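All remarks here apply to the structure that follows.
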2 protein chains.
Amino acid sequence: MAISLKDVARQAGVSVKTVSNVVNGYRHVTPETRLKVQRVIDELGYRPNLTARHLRKGRTGMIALAVPELHNPYFAELADAVIEYAAGLDYIVLLDHTGGRRDQEVLFAQGFRARVIDGLILSPIELENEDLLARGGDAPLVLLGEREYDAPYDHVAIDNVAAARTAASHLVDIGRRRIAFIGARHGRARATAHLRLRGWREVMTENGLPTGEELVAVTDGYTREDGAQAVARLLDSGARPDAVFCYNDLIAVGAMRTLAERGLRVPDDVAVIGFDDIEESRYGATTLTTIAPHKRAVARAATDALLERLAGDREIDPRRLQPGFALVTRESTVGRPS
Amino acid sequence: MAISLKDVARQAGVSVKTVSNVVNGYRHVTPETRLKVQRVIDELGYRPNLTARHLRKGRTGMIALAVPELHNPYFAELADAVIEYAAGLDYIVLLDHTGGRRDQEVLFAQGFRARVIDGLILSPIELENEDLLARGGDAPLVLLGEREYDAPYDHVAIDNVAAARTAASHLVDIGRRRIAFIGARHGRARATAHLRLRGWREVMTENGLPTGEELVAVTDGYTREDGAQAVARLLDSGARPDAVFCYNDLIAVGAMRTLAERGLRVPDDVAVIGFDDIEESRYGATTLTTIAPHKRAVARAATDALLERLAGDREIDPRRLQPGFALVTRESTVGRPS
DNA sequence: CTTGCTCTTTACAACGTGGAAAACCTGACG
DNA sequence: CGTCAGGTTTTCCACGTTGTAAAGAGCAAG
């Protein structure tokens, strides 16, 4: 089978521990011994058994990241960033997806999906506060985006209300008055959708603009299809928005699709704004104005927070980390420069 | 620290092995003993240490999957499918990305990126045949899509020439004559881009249509931006295609973006076809006609092949697996039904 | 009351590694 | 020439688990 320290030791005529010392760069090894052992290592192609090392050390060097859906580009791009950043810190990232289902999120948070890991980063959708309080797992957990909780865990998310205010203000600034809101419904008052809705409502109210029910379309999920259907319902119900504020870019893409089918021009007839700044938003017949969370900063904050817990600071108070965001204006609100 | 078998054994007044037997559902345990032990397990919240189990068994129950880019939706969707399918077989998938860089691909194939795994699935871009022949790793490897190799590894990919022929034929069928090809350049004759180019050329020639250099635009990569630039170059050079055959959907999306900027209508002036059937292709102002590889079948074939090797059939001849594909016609070639 | 059988439980060893501490070597010094 | 200090190498053990083999318990048959 695989070559172990024992095989190298026998071949080199030294003890197992000496080989281990060479492998780990222990100082007190004579150059001759080191050379001799190293030669055998190369010759046999020895590679340390990480499983054994992990068992011995009690650490695996792996962290798990769970997002709702990998095929949501925002999460794919975010996962990319986490993997990249963690790799620089010699951590391997085990990527998982929960489908946004509560049972899967609980399983993940408990450490039942990926079990050979030192810590967890979870981007929850349906997870409840009580799930967190009842959490049995032993590995540190960091929460990402979406919901807000009272449980004692570090939480990384942009300031959703402020970001939504920025987006809504932009629409007002370009002269829109009847601004619809399209977003995922979650009963809980502290879901992200609700935070963004609040930002929208605040700005609308401050500007004396309508926020009636007829301007709000809820969706089941966060997909292009959800966005397409929501706008269709909105238009069918007789609402005549001159702008739509979308919960995220995917919904915005779907919304623009329906607008195109209905013969409405973007942004001339209806301006559209999204959230996430996924790559897709920079292409398409009409590029999409959006709120761009600094994904690298999110990835860094979450990973750093987790690794700090791992380093032993488990007792410090849970923190609330807010990476920055930026408004990126594109054609869907300001039109194409001619 | 964490609860181990030893703790449970002490508390329950039985041997460590008996607890192990209960945990593993060993048959010959009296109901009373089982109950007693199970109670202590629940009470203490014991959970098996998988690292130790892995060390003992020599298997980790994890496989690694490396794709070029996670934020390429095709790969994200494919990864989704692999994770899903493998989970059903009680395997955890460790997801990684290589950036399409040869050094990273080699590192991955050698098992140096993810090292606590039983097997590997790699979707290579730049990897060379010699890299595979010189491969030192011990874990079984399955190759996915893209390139073709002579090395003794299972390989899963659709029939790219046939698929490309299907796509090109479709363009011919709808009456297009000057069909451009936009695709990533790879010097090697057996790169996927070359296979698709061949399919295009065959169909063109068979129909007496031009295949001159002026109709072929090479790109550095596979992104929307690459597609956008390629079409710009094509148009600037004076070519007047009435259709473009794109290496993949991302390139097609970029291509359509440039066409829109130039005031060309799709499909009226220029028809567009892609490859991959990413979700994005079903939205956008103009939906995209594409070749849809059966992603679930790809995921299944690759995972099954790998697990068969793991099960011991390491000596059987390397196989060439070809999941199916389908032409999905949408607006970018046949227009919008009125 | 022994023998032999089955069912249940146990002791032991090992997977590959690294920490702790003991053992070994060499050379300097009294 | 013995002692000690220093670096170097080794021995021993434990991490938590499970396979192997063997011991123990119970019971029916002789």
Side-chain angles (χ1 to χ4, degrees), chain A residues 1-41 44-62 90 111 115-118 137-139 310, chain B residues 1-41 44-62 90 111 115-118 137-139 310:
Chain A
M1 276 299 111
I3 313 295
S4 75
L5 285 182
K6 206 193 306 184
D7 302 312
V8 177
R10 189 183 319 116
Q11 181 85 8
V14 298
S15 80
V16 168
K17 189 63 219 279
T18 298
V19 181
S20 168
N21 286 339
V22 170
V23 171
N24 291 290
Y26 182 63
R27 297 162 40 112
H28 300 302
V29 179
T30 54
E32 308 94 81
T33 308
R34 167 161 285 129
L35 192 67
K36 179 175 61 180
V37 171
Q38 190 59 53
R39 246 202 274 276
V40 178
I41 286 176
L44 297 186
Y46 165 77
R47 287 164 59 188
N49 178 323
L50 293 197
T51 299
R53 191 175 277 179
H54 295 162
L55 175 60
R56 189 60 178 68
K57 298 202 156 184
R59 288 277 179 85
T60 66
M62 298 195 274
D90 279 327
R115 296 161 72 184
V116 197
I117 43 92
D118 296 334
D138 32 5
L310 284 177
Chain B
M1 276 298 110
I3 312 296
S4 76
L5 285 182
K6 206 192 308 183
D7 303 313
V8 177
R10 191 182 318 115
Q11 181 84 7
V14 298
S15 78
V16 168
K17 189 65 218 281
T18 297
V19 182
S20 169
N21 286 339
V22 170
V23 171
N24 291 289
Y26 181 64
R27 297 161 40 109
H28 300 301
V29 180
T30 54
E32 308 94 80
T33 308
R34 165 162 287 130
L35 192 67
K36 178 175 61 179
V37 171
Q38 190 58 54
R39 247 202 274 274
V40 177
I41 286 177
L44 297 184
Y46 165 77
R47 287 165 57 188
N49 178 322
L50 292 197
T51 300
R53 189 176 280 178
H54 295 162
L55 175 61
R56 189 67 205 353
K57 299 203 157 183
R59 287 278 179 85
T60 67
M62 298 196 273
D90 279 326
R115 297 161 71 183
V116 197
I117 45 92
D118 295 335
D138 31 6
L310 284 177

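Because the structure is a prediction, the values reported are computed rather than measured. Convention: sequence-line order gives letters A, B, ...; per-chain numbering from 1.
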In whole Å, what is the span from the CZ atom of Arg27(A) to the P atom of dG6(D)?
-> 14 Å

Tell me whether the OP1 or OP2 atom of dC15(D) has a side-chain N or O from Lys6(B) closer than 4.0 Å.
-> yes

Heavy-atom pair with the smallest gap, counting every atom of Leu55(B) and Thr51(A) = N-CG2, 3.5 Å

Which of the following nucleotides, dG16(D), dT8(C), dT9(D), is nearest to the side chain of His28(B)?
-> dT8(C)

Taking for Thr18(A) and for Leu50(B) the nucleotide of DNA chain D with the nearest heavy atom, the one nearer the 5' end belongs to Thr18(A)

Whole-Å distance separating the CZ atom of Arg47(B) from the P atom of dT17(D) = 12 Å

Are side-chain heavy atoms of Asp118(A) and Met62(A) found at a separation under 4.5 Å?
-> no

When you get a sec, tell me which of dG19(C), dT17(C), dC15(C) is the closest nucleotide to the side chain of Leu55(B)?
-> dC15(C)

Return the value, rounded to whole Å, for the distance between atom CD of Glu32(B) and atom C1' of dG26(D).
-> 13 Å

Could you check which of dT18(D), dT9(D), dT10(D) has an atom nearest any side-chain atom of Val29(A)?
-> dT9(D)

Base, sugar-phosphate alone, or nothing: which one does Thr33(A) contact when heavy atoms must sit under 4.0 Å apart?
-> sugar-phosphate

So, does the side chain of Lys17(B) form a donor-acceptor pair with the base of dG19(D) at under 3.5 Å?
-> yes

Counting any heavy atom closer than 4.0 Å, what does Thr30(B) reach on the DNA or RNA strands: base, sugar-phosphate only, or nothing?
-> sugar-phosphate

side-chain contact (heavy atoms from CB on, under 4.5 Å) filter on Lys6(B), not counting sequence neighbours, yields Ser4(B), Arg10(B), Val16(B)

With the side chain defined as heavy atoms from C-beta on, Lys57(B) is closest, among dT17(C), dG19(D), dT17(D), to dG19(D)

Could you give the NE2-to-P distance, from His54(B) to dT17(C), as a whole number of Å?
-> 17 Å

Among dT10(C), dT18(D), dT17(C), the one nearest any side-chain atom of Arg56(B) is dT18(D)

Whole-Å gap separating C1' (dG18(C)) and OH (Tyr46(A)) | 11 Å

Flag the pair Val23(B) / Tyr46(B) as yes when at least one side-chain heavy-atom distance between them is below 4.5 Å, and no otherwise.
-> yes

When all nucleic acid strands are considered with a 4.0 Å heavy-atom cut-off, which category describes Tyr26(A): base, sugar-phosphate, or nothing?
-> base

Report yes if at least one side-chain N or O of Asn21(A) is closer than 4.0 Å to OP1 or OP2 of dT9(D); otherwise report no.
-> no

Between dG16(C), dT18(D), dG19(C), which nucleotide has the shortest distance from any of its atoms to the side chain of Asn49(A)?
-> dG16(C)

Could you state the atom-to-atom distance from CZ of Arg59(A) to C1' of dG19(C) in whole Å?
-> 16 Å

Residue-phosphate contact under 4.0 Å: Ser15(B) side-chain N/O, dT9(C) OP1/OP2 = no

Give, for atom CG of Asn21(B) and atom CZ of Arg27(B), the distance between the pair rounded to the nearest 0.5 Å.
-> 12.5 Å

Taking all non-hydrogen atoms of both residues into account, name the closest pair between Gly111(A) and Arg47(B) and its distance.
-> O-NH2, 3.4 Å

Using atom CG of Asp7(A) as one end and atom C1' of dT17(C) as the other, report the distance to the nearest whole Å.
-> 13 Å

Taking only N and O in the side chain of Arg53(B), is any of them less than 4.0 Å away from OP1 or OP2 of dT18(D)?
-> yes

Atom CD1 of Ile3(B) and atom C1' of dG16(D) are separated, to the nearest Å, by 13 Å

